Amino acid sequence: MALTTLLTVTLRGDGDVLAARRHARYIAELLGLEAADQVRIAALTFELAHELFRHTLTATLALAVETAPPTLQITLHARGDGVPSWQVILHERAGGEDLQPLLADFTIDLISNHAAIAVLRKPLALSGAIADERARAIVELLTEAPQIDPFAEIVQQNRELTESLGALQTRQEQLRDLNRELEDTNRGVVALYAELDEKAVELRQADAMKTRFLSNMSHEFRTPLGSIRALAQILLQRLDGELTAEQEKQVALIQGAAAELTDLVNDLLDLAKIEAGRVDIRPGMVSIRELFSALRGMLGPLLQNDQVALDFHCEDELESLYTDETKLSQILRNFISNALKFTQIGSIDVRARRSIQNHEIEFSVSDTGIGIAKNDMELIFEEFTQVENNLQQYVKGTGLGLPLCRQLAALLQGRIDVQSTPGEGSTFTLILPERYMPPATVSPAHQTQQNARAGLSPPAAPAP
Ligand code: ADP
């Protein structure tokens, strides 16, 4: 580390204070500092020198350059009974003005308050070598510098003042322009907000209408669909007489189509009910083993392809959780039936594991099926979305299963996560709290967080 002293001034009279100011400005300029910084350093040196000189005749001020790190140093030194504390010098001077604006990027080391010794340091944006080179050049230039002429110094100060005022004026004009622009933008934003509010109200109304429409329509569809299925069943059972082979095929097609429509209507009704906030959660203790055994019984028969295995695994120590069993089972059924639809070879593994840290249970359904492309990962949670693939035309589906699952998961205070690689398979994970908490005991913040995670908006007003 090299320290080069550029200048030492003993402050014995007003002329010395002026000289200190003049030299400080000159040094700042030679060090390549900006014009505003040059004025600031000159003013700071003057203020400090003047303050020390007012109280003692033995004050000195030194300017130096340190190379590691490159820094400009102002060292002040004053002894004597009349020397005020730095607190007074820096903050509460006679005029009451504070030196802080001048000190902006200086660090201050108060070596002794009693003897008033302080080192002020300002980092320089120069390399150590260049700082050293400039410091040596400055020392030479200063030895050749002419004596300070007080009149010339005042002329110089006036010039600086005029320049500062000019810069200030330009700044003020720029600020005024900026303010005007900001006001215009502000007005625009306020207008946009008003429009947004209106749109939000319209959207809420449209959403409530959609929910009402879906729920009414679905009810209207249910009865005739029930009749079609029952009548088709009667015909197929030959209760009304024999059928030709062709007739039997046609009636079976009618029955199949009616069953698909019933699934669609049921999904729509479920979604409409959730959106209208008309779904009750009935929590209870759910035995995971029993749930898995029921799912195996229900979905095992759908496994028509002996190249695919369906396995259930539950961590040994994991027994139960407190939630709504029907809704949990509905979500897992949907995951598993999707996995069955989109897996031609390999295995489907249904697992339950505890995440102790978060008091959550994770139910995952992993398959070795066709997988889902990254871009489609969010789309599949939108209503009526099915991804184009070569299996889609051979499988049944409404595109409502996953949106429904996401809504149900949110109602159970949980969330759904999907990992998938096209051609390798997918894992759908349902993460539920170990213990469902009735909404009254859930803080609004927690509920909002849960809803946000699940992409759920606040429930619309219940349909009449
Ligand atoms: P659908 O009744 O059509 O199965 P879902 O909402 O349950 O409706 O699923 C939407 C779409 O997401 C499916 O049509 C399918 O394209 C894709 N998908 C869902 N699960 C899987 C999976 N396990 N593997 C591959 N694609 C899947």
Side-chain angles (χ1 to χ4, degrees), residues 214 218 221 225 256-275 279 295-296 298-300 302-305 307-313 326-352 362-412 414-431 454-456:
L214 281 180
S218 306
F221 275 126
L225 275 173
E260 260 183 60
L261 259 180
T262 308
D263 285 347
L264 176 72
V265 165
N266 286 342
D267 281 354
L268 276 176
L269 254 182
D270 280 350
L271 270 171
K273 270 203 226 156
I274 294 177
E275 281 175 16
V279 175
L295 285 171
R296 192 183 291 114
M298 244 184 282
L299 295 159
L302 295 184
L303 191 61
Q304 311 269 323
N305 176 350
Q307 301 219 63
V308 179
L310 173 62
D311 294 313
F312 288 80
H313 316 264
T326 316
K327 297 188 174 52
L328 165 59
S329 163
Q330 194 175 348
I331 298 172
L332 293 180
R333 260 194 337 259
N334 196 69
F335 286 175
I336 300 169
S337 69
N338 275 347
L340 286 167
K341 285 195 285 188
F342 298 106
T343 307
Q344 287 184 304
I345 189 160
S347 61
I348 295 162
D349 287 309
V350 185
R351 290 177 191 278
E362 293 181 8
F363 293 94
S364 61
V365 177
S366 307
D367 63 51
T368 54
I370 55 171
I372 302 160
K374 207 162 178 240
N375 290 346
D376 296 323
M377 221 81 109
E378 246 330 283
L379 284 181
I380 55 173
F381 287 97
E382 283 176 17
E383 289 161 25
F384 299 109
T385 303
Q386 294 182 322
V387 179
E388 289 273 328
N389 59 57
N390 48 6
L391 289 184
Q392 199 75 63
Q393 53 179 313
Y394 305 110
V395 297
K396 284 196 214 161
T398 59
L400 289 175
L402 290 175
L404 189 59
C405 286
R406 186 178 257 190
Q407 303 259 31
L408 287 171
L411 282 177
L412 298 181
R415 60 192 188 279
I416 290 173
D417 179 57
V418 193
Q419 307 284 329
S420 187
T421 311
E424 287 183 17
S426 317
T427 299
F428 282 77
T429 309
L430 166 69
I431 301 140
L456 203 69

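Counting starts at 1 for both ligands and their atoms, in listed order. Just so we're clear, the structure is a prediction, and the values are computed from it rather than from any experiment.
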Asks: Considering only the protein, which heavy-atom contact is closest to atom 6 (O) of ligand 1, and what is its distance?
Replies: Leu402 N, 2.8 Å

Asks: Rounded to the nearest 0.5 Å, what separation is found between the CZ atom of Phe312 and the CG atom of Asp349?
Replies: 10.0 Å

Asks: Keeping Ser420 on the side-chain end and Gly425 on the backbone end, is there a donor-acceptor pair under 3.5 Å?
Replies: yes

Asks: Using non-hydrogen atoms of the residue, decide whether Ser337 is closer than 4.0 angstrom to ligand 1.
Replies: no

Asks: Supply the atom-to-atom distance Arg333 CZ to Leu340 CG, rounded to the nearest 0.5 angstrom.
Replies: 13.0 Å

Asks: Below a 4.0 angstrom heavy-atom separation, can you tell me which part of Phe381, side chain or backbone, both or neither, approaches ligand 1?
Replies: neither

Asks: What is the closest protein heavy atom to atom 2 (O) of ligand 1, and at what distance does it sit?
Replies: Thr398 N, 2.9 Å

Asks: Only heavy atoms of Pro403, strictly under 4.0 Å: list the atoms of ligand 1 that pass.
Replies: 6 (O)

Asks: Which value, rounded to the nearest 0.5 Å, describes the distance between Leu400 atom CG and Asp270 atom CG?
Replies: 10.0 Å

Asks: How close does the nearest protein non-hydrogen atom get to atom 3 (O) of ligand 1, and which residue and atom is it?
Replies: Gln386 NE2, 2.7 Å

Asks: Can you spot which of Ile372, Val365, Ile370 makes a side-chain contact (heavy atoms from CB on, under 4.5 Å) with Ser426?
Replies: Ile372

Asks: I need the nearest protein heavy-atom contact for atom 18 (N) of ligand 1: residue, atom name and distance, please.
Replies: Phe342 CE1, 3.9 Å

Asks: So, taking the atom named CG in Asn305 and the one named CG in Leu310, what distance separates them when rounded to the nearest 0.5 Å?
Replies: 12.0 Å

Asks: Counting C-beta onward and ignoring hydrogens, is there a side-chain heavy-atom pair between Met298 and Ile336 closer than 4.5 Å?
Replies: no

Asks: Decide whether an N or O pair under 3.5 Å exists between Thr385 and ligand 1.
Replies: no

Asks: Does any N/O atom on Gly399 come nearer than 3.5 Å to any N/O atom on ligand 1?
Replies: yes

Asks: With atoms numbered from 1 as shown, which atoms in ligand 1 lie under 4.0 angstrom from a non-hydrogen atom of Ser426?
Replies: 24 (N)

Asks: How long is the straight-line distance from CD of Gln307 back to OG1 of Thr343, given to the nearest 0.5 Å?
Replies: 12.0 Å

Asks: Can you tell me which residue and heavy atom of the protein come closest to atom 17 (C) of ligand 1, and the distance to 0.1 Å?
Replies: Ile380 CG2, 3.9 Å

Asks: Within ligand 1, which atoms have a heavy atom of Gly401 less than 4.0 Å away?
Replies: 5 (P), 6 (O), 7 (O), 8 (O)

Asks: What protein heavy atom is closest to atom 14 (O) of ligand 1, reported as residue, atom name and distance in Å?
Replies: Gln392 NE2, 3.2 Å

Asks: Could you establish whether Lys341 and ligand 1 come within less than 4.0 Å of each other, counting only heavy atoms on the residue side?
Replies: yes

Asks: Before signing off on this row, confirm whether Phe428 and ligand 1 have an N or O atom pair separated by under 3.5 Å.
Replies: no

Asks: Using a 6.0 Å cut-off, check whether atom CD of Gln344 has over 12 heavy atoms from anything other than its own residue.
Replies: no

Asks: Sub-3.5 Å donor-acceptor pair from the side chain of Ser347 to the main-chain atoms of Thr368, do we have one?
Replies: no

Asks: Starting from atom 7 (O) of ligand 1, find the nearest protein heavy-atom neighbour and note its residue, name and distance.
Replies: Asn338 ND2, 2.8 Å

Asks: Does an N or O anywhere in Val387 fall below 3.5 Å from an N or O of ligand 1?
Replies: yes

Asks: Under a 3.5 Å distance rule, please check whether Asp367 uses its side chain to pair with a backbone N or O of Ile348 as donor and acceptor.
Replies: no

Asks: Can you tell which part of Asp367 has a heavy atom less than 4.0 Å from ligand 1: side chain, backbone, both or neither?
Replies: side chain

Asks: One residue to check: Ile372. Relative to ligand 1, which of side chain, backbone, both or neither has a non-hydrogen atom less than 4.0 Å away?
Replies: side chain

Asks: Just jot down the ligand 1 atoms closer than 4.0 angstrom to any heavy atom of Asn334, in number order.
Replies: 7 (O)

Asks: Hey, can you pull the donor-acceptor pairs under 3.5 Å for the side chains in residues 374-384, sequence neighbours left out?
Replies:
from	atom 1	to	atom 2	distance (Å)
Glu378	OE1	Arg406	NH1	3.3
Glu378	OE2	Arg406	NH2	3.2

